[in-house]
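No hydrogens, no waters, no symmetry mates; every other heavy atom, side chains included, goes into these values. Here is the naming used below: chain letters follow the sequence lines, and residue numbers restart at 1 for every chain.
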Amino acid sequence: MRTHLCGDLRPDQIGDTVSVCGWVGRRREHGEHLAFVDLRDHSGIVQCVINDDIDVRSEYVLRITGVVRERPEGTINDNLPTGQIEIGDCEVEILRTATPPPFPIDARADDVDENIRLQYRYLDLRRERMQKNLRIRSAVNAAVRNSMADQGFVEVETPMLVPSTPEGAREFLVPSRKEPGSFYALPQSPQLFKQLLMVGGVDRYYQIARCLRDEDLRADRQYEFMQLDMEMSFVDQDDVLEAVSASVLDAAEAVTGERPDPIERITWRDAMNRFGIDKPDLRFGMELRELTDAFASTEFKAFAGAEAIKGIKVDGGADEYGRNQLDKLTDKAKGAGAKGLVWMKAVAGDDGGVRFDSPVAKFLSDDEVAGLAAAMDAAVGDLVLIVADDWEPTCEVLGMLRNEIGRPPVHQGPYRYVWVVEFPLFVGRDKETGNPKSGHHPFTMPHPDDVDKFESDPMSVRSIAYDLVLNGWELGSGSIRIHEPELQRRVFAGLGISDEEAERKFGFFLNPFEYGAPPHGGFAFGLDRLVAILAGEDNIREVIAYPKTQSGQDPMTNSPTAGDPKAVEELGLRIIPRVD
RNA sequence: GGUCCCGUGGUGAAGUCAGGAGUUCACGCCGGCCUGUCAAGCCGGAGGUCGCGGGUUCAAAUCCCGUCGGGACCGCCA
């Protein structure tokens, strides 16, 4: 039907008779004998000069055959890639008329209520921004596939109907018709299957896998999302990190044309100490500073005896933050679990040095003030925020404040990838049993140097688990897995899981290891998140063709919908009336 | 489960704090004029249950209560 794409026409084609197909964008009519029509397809727009009085309206679908010609002197449009030429002597074929769209099919729809964009997603997708995002996504998928294939990985599909597993994210359940009362689950990840592929001798597996989790939605979370899922046999952590790095950097290069620097590494403990979070955003400073020593012998009660005292400095923030805003920051800090927040404004002292304006200044000695100014490297006009508490909450609260105050939108600025390694094996404790909980999952390899601390100090045991972080978003995580039973038993013991319980909960998964599980490890990273950041979006819905809203609905199809009573009955289900 | 923000012709906004006739602006739509525009221009016109329900009031887009929908975040996401 067509010889060229609209956006591809250039002065090279001058004199050629071409056919293009697309949608009518803007029209500029000058009476019966002259009209300019911008014809649009996914490649861009081209101006067609129509000398008939043919009636073409917004979003009509046309096939136009005409001659490419140079635009007359003074009518070149530098804002368009096709702006040097136009199509004249146009023969217009209306392939389909159209009712006017509810919103303009151009950048102005960026401001349209997202619900309306999603209701008419097929129109939204016609826009340049969405076309660009879909193509970036496709390029990332292709680059990742190429990269994995180049590295000797084998693409294997795993089932979508899987057994329900006891722990982890809430699953979507699928009722079985043949066995009423029984359910499949949709996979929250292919974890079980990929590790068994290693037992199966696949050696290097990957899959662009759809994962489903019935958890609340966010800017970076959808019910369904895509992961580059991979697993490798006979490897250590470096092998996995290198393989993942290669595919991520290949994908980034495919989109931006520039290969990022090798990805730096930081330990979990350093990340917490310096940034107060396990997914640090390295694009800006404001690092946490250590103040524990500076207040080692303080009389100030809020600081005395605290396990950790740390601060962050807001450059020039003294004037910017009034009492009102400081109160809000304090509320936020308390909301995050802090006992309180100490703020100090650096002002000029009588001796030319720095002293601090603060409600607590009077409790601090001259030595402490000097130590604080030095440790924070505070200059006149700076705002210092200090938290004193146990080590982890101190870090977390300041990390939250650091992000709150200094963090740019996720897509902005340079791309800062970072590996966070040596995550703790256990994180927190179960509210009911008091047992430690797995940081990553129960099959994660403990750090070999820490194995003897299992019983004496379990919470300090590190693991061979790692996250990949980009601009403060967790792209993904992985670990080296436990492949031999004695170590697995010790980890289960640390988690408070007995042999019987382990057999009951995880037997189906671990018993196959008895037939010879190779040492193995793997990783999975979220493609939606990577694509969103590479596309300059701060919301993964913008890079998903048909996303759901925060309440899990699709305004275009109105799903979820009530189940057909017959179908429900056939599944052996009965709907319980909702009680509020 | 919680905190905060938003909902006004097809679209985007102003109006809401401080109640007084569905008022205004831009885009779009319909009709007319117009042979070099590109956010075309000029003239005219149509189009709204101010998300929904209740309350207060002589009077509600505006105040109060509830509810629905959207968004950001906390919880949750081994």
Side-chain angles (χ1 to χ4, degrees), chain A residues 25-39 45-53 55 57-59 69 71-80 82-83 86 88 99-120 123 165-171 188-189 191-192 211-223 225 328 331-332 335-337 400 403-404 409 423 425-428 430-431 436-444 463 465 474 477 479 491 495 497 505-506 526 538-539 541 548-553 555 558 580:
Chain A
R26 299 195 145 261
R27 292 156 294 147
R28 295 169 293 280
E29 294 185 59
H30 293 256
E32 290 183 4
H33 301 293
L34 178 66
F36 301 98
V37 169
D38 290 337
L39 196 69
I45 63 176
V46 64
Q47 171 166 285
C48 304
V49 185
I50 295 175
N51 297 108
D52 304 325
D53 64 345
D55 186 28
R57 306 283 170 125
S58 258
E59 300 307 312
R69 64 192 189 199
R71 290 198 185 193
E73 186 92 30
T75 64
I76 286 171
N77 186 344
D78 292 327
N79 299 320
L80 282 182
T82 60
E86 62 190 12
T99 49
F103 51 80
I105 311 300
D106 58 35
R108 286 172 294 178
D110 290 346
D111 298 325
V112 171
D113 187 292
E114 194 181 348
N115 219 33
I116 291 170
R117 290 177 54 208
L118 291 179
Q119 187 185 343
Y120 299 93
L123 296 179
T165 47
E167 317 221 339
R170 188 183 297 115
E171 297 166 322
Q188 43 171 308
S189 85
Q191 189 66 34
L192 151 71
C211 304
L212 298 107
R213 294 179 188 173
D214 189 4
E215 300 287 355
D216 287 356
L217 278 37
R218 289 280 200 289
D220 60 351
R221 278 159 40 183
Q222 282 274 304
Y223 282 152
F225 59 99
K328 275 184 190 156
D331 286 345
K332 278 189 176 149
M400 182 275 293
N403 273 348
E404 184 81 25
F423 268 75
L425 189 66
F426 303 117
V427 174
D430 191 284
K431 278 174 207 140
K437 295 188 292 183
S438 282
H440 185 56
H441 60 54
F443 320 112
T444 302
S463 67
E474 180 194 323
S477 57
S479 64
V491 171
L495 292 165
I497 298 174
K505 280 187 167 177
F506 305 114
D538 51 18
N539 182 323
R541 293 188 298 274
K548 305 246 183 324
T549 66
Q550 202 167 65
S551 63
Q553 306 199 312
N558 285 319
D580 292 312

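- In this model, a side-chain donor or acceptor of A/Gln47 finds a partner on the base of B/U37 within 3.5 Å.
- Side-chain atoms of A/Arg221 come within donor-acceptor range of the base of B/C76, with a qualifying N/O pair under 3.5 Å.
- For B/C34, there is no paired nucleotide, since no Watson-Crick or G-U wobble pair has both relevant distances below 3.5 Å.
- Within a 6.0 Å radius of NZ in A/Lys548, more than 12 heavy atoms belonging to other residues, nucleotides or ligands are found.
- Under a 4.0 Å N-O distance rule, the pair A/Arg221/A/Glu215 does not qualify as a salt bridge.
- One can place NE2 of A/His33 at 13 Å from C1' of B/C33, the figure rounded to the nearest angstrom.
- Within the nucleic acid shown, A/Pro104 has no heavy atom closer than 4.0 Å to any nucleic acid atom.
- Within 3.5 Å, no donor on the side chain of A/Glu215 pairs with an acceptor on the base of B/G75, nor the reverse.
- Under 3.5 Å, the side chain of A/Arg27 and the base of B/G41 form no donor-acceptor pair of N or O atoms.
- In terms of polar N and O atoms assigned as donor or acceptor, the side chain of A/Arg218 comes within less than 3.5 Å of the base of B/G75 in a complementary pairing.
- Counting heavy atoms from C-beta on, the side chains of A/Leu80 and A/Gln47 never come closer than 4.5 Å.
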Contacts under 3.5 Å, N or O only, protein and nucleotides 12-14 of chain B:
unit_1 : atom_1 : unit_2   : atom_2 : d
B/G12  : OP1    : A/Asp113 : N      : 2.8

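- In this structure, B/A78 forms no base pair with any nucleotide, since neither Watson-Crick nor G-U wobble geometry is met with both distances under 3.5 Å.
- Across all strands shown, B/U62 forms no Watson-Crick or G-U wobble pair with both key distances under 3.5 Å.
- Residue A/Arg213 places no side-chain atom within donor-acceptor reach of the base of B/C76, judged by atom type and a 3.5 Å distance cut-off alone.
- With rounding to whole Å, A/Glu404 atom CD is found 13 Å from B/U3 atom C1'.
- Residues A/Ser189 and A/Arg213 meet the side-chain proximity criterion, which asks for heavy atoms closer than 4.5 Å.
- When each of A/Gln553 and A/Leu80 is assigned the nucleotide of RNA chain B with its nearest heavy atom, A/Leu80 is the one assigned upstream, toward the 5' end.
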